[in-house]
Amino acid sequence: MHALLEELGSAASAALVQSFGAEGIPASLVFEPSPRADAQCNAAMQLARGLKRPPRDLAVAIVGAVASHPAVAKAEVAGAGFVNVTLRDEWLAAHVDDALALRPVGAGQTVVLDYSSPNVAKPMHIGHIRSTILGEAMKRVMRAVGYTVVADNHLGDWGTQFGKLIVAWHRYLDRAAYERDPVGELLRIYVKYSDEEKAQKLALGAPVKEADDDDAPLPAQAPELLLAARAELVKLQAGDPENVALWKQFVDVSMAEFERTYKRLGVSFDEVLGESFYNDMLAATVDELLEKGIAEHSQGAVVVTFTKERDGEAMPPMLVRKADGGFLYGTSDIAAMRYRMGRWSPSRILIVTDERQQLHFRQLFAVARRLGVPAKLEHVWFGLMRLPEGTFSTRDGNVIALESLLDEAEQRAEAVARSLNADLPDAEVKEVARVVGLGSVKYNDLSKDRTTLVTFTWDKALSLQGNTAPYLQYAYARIRSIQRKVAELGAVPGPVGALEPAERALVLALLKFPLAVEDVARTARPHALCDYLYELAGAFSTFYNELPVKDAEPAVRAARLTLCERVATVLRRGLDLLGIEVVERM
RNA sequence: GCGCCCGUAGCUCAAUGGAUAGAGCAUCGGACUUCGGAUCCGAGGGUUAGAGGUUCGACCCCUCUCGGGCGCGCCA
């Protein structure tokens with residue numbers, strides 16, 4: 001499909017150049033599928049002004065150029081100057097196999113993909129799933145088009161919270177509870193610490209903000225707890241053996257739990273380089289920024305400032321070293337960027353986080369420009385997930401654990417699977433429930449534009465009808481069922497010939513697969529692939545309802561078997577790119 | 001106070017400069033005595049928050065207003 005669209009585009013361009021001169025005419029005009037035509041070109045209207053010709057004159061020339069192409073059945077001018085191309089059925093039938101032909105547009109290029117990045121000592125909750133699922137899909141899609149992808153889990157394993165956690169460990173730990181559920185107990189003592197610290201602040205008469213105010217400007221007297229936490233943090237950062245051992249234990253027990261979740265989700269990374277990994281590089285990073293005049297001293301701290309003239313937009317300053325000599329996450333992000341450039345020389349770095357960090361990354365990228373970083377840096381941000389009653393916070397405890405979500409999804413899918421498949425063995429029902437449940441949760445996140453703010457409700461997140469993973473998985477399972485039945489008759493796939501309308505629509509949908517995959521690799525919007533697969537599955541469902549396969553004439557049956565096989569392959573492949581599995585029966 | 005993001009059918013979402021704004025859910029009405037009904041076909045439902053502007057053409061780009069979310073020097 002790509003090749004054809006480009007051939008049409010070049011032919012159209014050449015014709016315009018011949019008739020109207022080369023001035024202002026691109027080397028290839030854009031042809032793309034549209035709801036009104038197999039391929040459509042809008043260039044005539046765009047070029048009309050520059051060429052001082054009526055758009056329809058240009059459109060007529062374009063029609064003349066493409067009408068003789070062997071793939072084209074009909075080309076015509078419509079409306080203000082649209083060129084609508086209808087492809088020959090013979091050409092479509094002969095190119096069914098092109099559906100699987102992804103072009104290696106990323107070959108020879110490396111991409112660093114930073115996603116998931118949960119915080120140590122806190123269980124993953126439903127807010128973490130978007131980064132993980134989006135990032136995993138991007139990893140698979142970019143690999144499919146030839147990129148070398150470095151999937152890096154930038155773990156939140158360093159910083160002020162560990163001083164607090166160490167204090168909480170000494171004062172509040174319930175050993176037995178820790179043995180049973182390490183991360184759960186770490187969360188409990190962390191929340192307890194936060195409550196106690198807040199109480200101390202109130203007792204000191206300090207104004208307490210609603211959330212995340214741990215290190216707001218100190219009142220005249222700092223709470224005793226906070227002072228203790230800072231002392232422990234200093235010890236940790238200075239390499240105190242006891243605190244380092246504790247910290248390492250926190251990381252290890254958290255990582256073990258994360259690994260279980262990742263395994264369940266089918267997510268994997270090439271690197272797990274957390275913030276702590278960059279700790280030793282921070283001092284040198286700040287020195288370099290100072291030497292190059294990118295950073296400056298201000299009120300005892302070191303900051304980078306941003307002006308409209310130099311950076312394209314004015315932004316608040318970015319702190320890279322605190323007055324007490326400590327570093328911040330901006331510092332470690334700059335160090336991480338330098339490290340990634342040095343180690344992998346990527347052409348793109350994609351960082352998948354929620355929308356709250358937009359300012360931070362605009363600042364980071366501005367620093368990168370001043371440092372002369374050649375890679376294309378992309379903040380792949382997504383809308384916050386919230387509950388109907390508002391945003392959730394680990395500290396307030398109003399979170400839904402990721403594991404609970406997955407459990408519930410599987411249970412709901414199992415109930416449906418059992419009611420519809422009384423005859424399936426129990427083990428298979430469980431497997432169907434797992435694949436369908438996980439698929440519906442993932443697809444729910446992937447199928448919306450990532451900038452959408454999601455309000456979580458169980459029924460929406462776990463819907464099994466309409467534009468959902470089970471719809472796609474069901475289409476796949478039906479094809480497999482047909483194939484089993486037909487195999488008993490000894491029928492095999494054969495060449496595709498004349499096309500009924502429903503078959504034609506199906507072939508056209510098949511051929512758009514590479515377009516959808518490339519679009520996702522380019523724009524980091526996996527929902528475009530979901531939309532595509534939904535369209536394909538819809539075209540199949542219509543075909544399935546209208547046209548028999550098993551009971552068709554042998555030649556027709558063979559052709560339809562070929563179509564079924566290609567649709568099944570694209571569905572399975574497309575879902576795999578999204579990180580979603582299929583089952584043979586459901 | 002300054003800034004960023006979002007606003008599309010009752011609800012959840014597509015359409016990222018192209019023609020008459022499309023799906024699902026919900027509602028209503030249909031479908032082959034079934035290659036599997038987690039399906040298919042159809043109906044109703046829209047001033048794309050509002051007002052200006054740019055363009056041959058605007059949900060999309062620009063300006064302002066309204067509404068919601070979020071961020072803004074010593075957390076990450």
Side-chain angles (χ1 to χ4, degrees), chain A residues 34-36 40 42 45-46 48-49 54-55 78-82 84 117 119 156 158-161 212-217 275 298-303 305 313-330 332-333 354-360 362 381 383-384 386 390-391 413 416-417 419-421 436 444 447-449 451-455 457 459-460 463-468 470-471 473-475 477-479 481-486 489 523 525 527-528 530-531 534-535 537-538 540-552 557 560 564 585-586:
Chain A
S34 105
R36 299 190 171 233
Q40 181 177 82
N42 308 319
M45 291 167 292
Q46 290 156 18
R49 173 181 289 256
F82 298 93
N84 287 334
S117 311
N119 285 325
W158 201 244
T160 312
Q161 57 179 336
D212 291 324
D213 60 343
D214 312 301
D215 293 285
E275 290 164 26
S298 167
Q299 300 172 26
V302 177
V303 304
T305 59
E313 61 177 327
M315 290 181 279
M318 178 191 211
L319 231 71
V320 294
R321 192 169 74 199
K322 298 191 278 187
D324 67 5
F327 301 104
L328 297 107
Y329 83 131
S332 68
D333 274 359
D354 75 54
E355 61 184 318
R356 289 176 301 188
Q357 302 205 35
Q358 285 181 97
L359 174 61
H360 168 70
R362 281 209 304 276
W381 63 268
L384 229 41
R386 34 182 287 129
T391 48
V416 175
S419 71
L420 296 175
N421 300 282
V436 170
N444 180 251
S447 61
K448 302 182 208 319
D449 186 298
T451 63
T452 305
L453 184 151
V454 173
T455 299
T457 63
D459 284 342
K460 277 183 234 148
S463 167
L464 304 173
Q465 290 167 345
N467 187 2
T468 63
Y471 180 81
Q473 292 165 323
Y474 182 64
R478 275 172 143 182
I479 295 172
S481 174
I482 292 174
Q483 290 174 325
R484 282 190 300 270
K485 291 233 155 57
V486 170
L489 305 175
T523 62
R525 299 179 315 152
H527 83 278
C530 295
D531 277 1
Y534 182 61
E535 181 192 329
F540 170 76
S541 294
T542 300
F543 158 84
Y544 176 90
N545 248 265
E546 289 182 9
L547 303 170
V549 177
K550 180 165 68 77
D551 299 327
R557 180 173 64 195
R560 288 180 183 164
C564 285
R585 297 188 285 183
M586 60 186 278

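Below, chains carry the letters A, B, ... as their sequence lines are ordered, and counting in each starts from 1.
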Answer yes or no for this row: A/Phe82 ring on B/G18 base, centroids under 5.5 Å, planes under 30°.
-> no

Going by 5.5 Å between centroids and 30° between planes, is there a stack of A/Tyr544 over B/C35?
-> yes

Does A/Asp449 get its side chain close enough to the base of B/A15, under 3.5 Å, for a donor-acceptor pair?
-> no

On a plain distance test, is the side chain of A/Arg525 in donor-acceptor contact with the base of B/U16 below 3.5 Å?
-> yes

Using only side-chain N and O atoms of [X], determine if any of them is under 4.0 Å from OP1 or OP2 of [N].
X	N	result
A/His360	B/C4	no
A/Thr542	B/C41	yes
A/Lys485	B/G36	yes
A/Tyr474	B/C40	no
A/Ser298	B/G73	no

Excluding sequence neighbours, so at least two apart, what forms side chain to side chain donor-acceptor pair (under 3.5 Å) with A/Gln46?
-> none

Return yes if some donor-acceptor pair links the side-chain N/O of A/Glu355 with the main-chain N/O of A/Thr451 below 3.5 Å, else return no.
-> no

Partners passing salt bridge (Lys or Arg N to Asp or Glu O under 4.0 Å) against A/Arg585 (at least two apart in sequence or in another chain) | A/Glu428

Partners meeting salt bridge (Lys or Arg N to Asp or Glu O under 4.0 Å) with A/Arg362 (sequence neighbours left out) = A/Glu313

Taking any heavy-atom pair under 4.0 Å as a contact, classify [X]: base, sugar-phosphate, or nothing.
X	answer
A/Ser541	sugar-phosphate
A/Ala48	nothing
A/Arg321	nothing
A/Ala78	base
A/Asp333	nothing
A/Ile482	base
A/Asn421	base
A/Thr523	nothing
A/Ala80	nothing

Quote, to the nearest angstrom, the [atom1] distance that separates [N] from [M].
N	M	atom1	answer
B/C25	B/A14	C1'	15 Å
B/A76	B/G17	P	38 Å
B/U65	B/C2	P	10 Å
B/G57	B/G50	C1'	22 Å
B/A26	B/C61	C1'	36 Å

Return a table of donor-acceptor pairs under 3.5 angstrom between the side chains of residues 544-552 of chain A and protein atoms on other chains or two or more places apart.
none

Which nucleotide, [options], lies nearest any side-chain atom of [X]?
X	options	value
A/Lys448	B/G71, B/C74, B/A14	B/A14
A/Glu275	B/A76, B/C72, B/C75	B/A76
A/Glu355	B/C40, B/C5, B/A19	B/C5
A/Leu464	B/C4, B/G36, B/A38	B/A38

Check the distance between B/G18's C1' and A/Gln46's CD and give it to me in whole angstrom.
-> 8 Å

The residue, A/Arg36 or A/Trp158, whose nearest nucleotide of RNA chain B is more 5′ is A/Arg36

Ranking A/Thr455 and A/Leu420 by the position along RNA chain B of their nearest nucleotide, the one closer to 5' is A/Thr455

How does RNA chain B look in dot-bracket form if you count Watson-Crick and G-U pairs under 3.5 Å, write [ ] for pairs that cross, and put | where a base pairs with another strand?
-> (((((((..((((....[...)))).(((((.......))))).....(((((..]....))))))))))))....

Between the protein and nucleotides 21-28 of chain B, are there any N/O to N/O pairs under 3.5 Å, and if so, what are the atom names and distances?
| unit_1 | atom_1 | unit_2 | atom_2 | d |
| --- | --- | --- | --- | --- |
| B/A23 | O2' | A/Tyr534 | OH | 3.2 |

Distance from A/Tyr329 atom OH to A/Glu275 atom CD, nearest 0.5 Å?
-> 9.5 Å

Are A/Thr457 and A/Asp459 close enough that a side-chain donor and a side-chain acceptor fall under 3.5 Å?
-> no

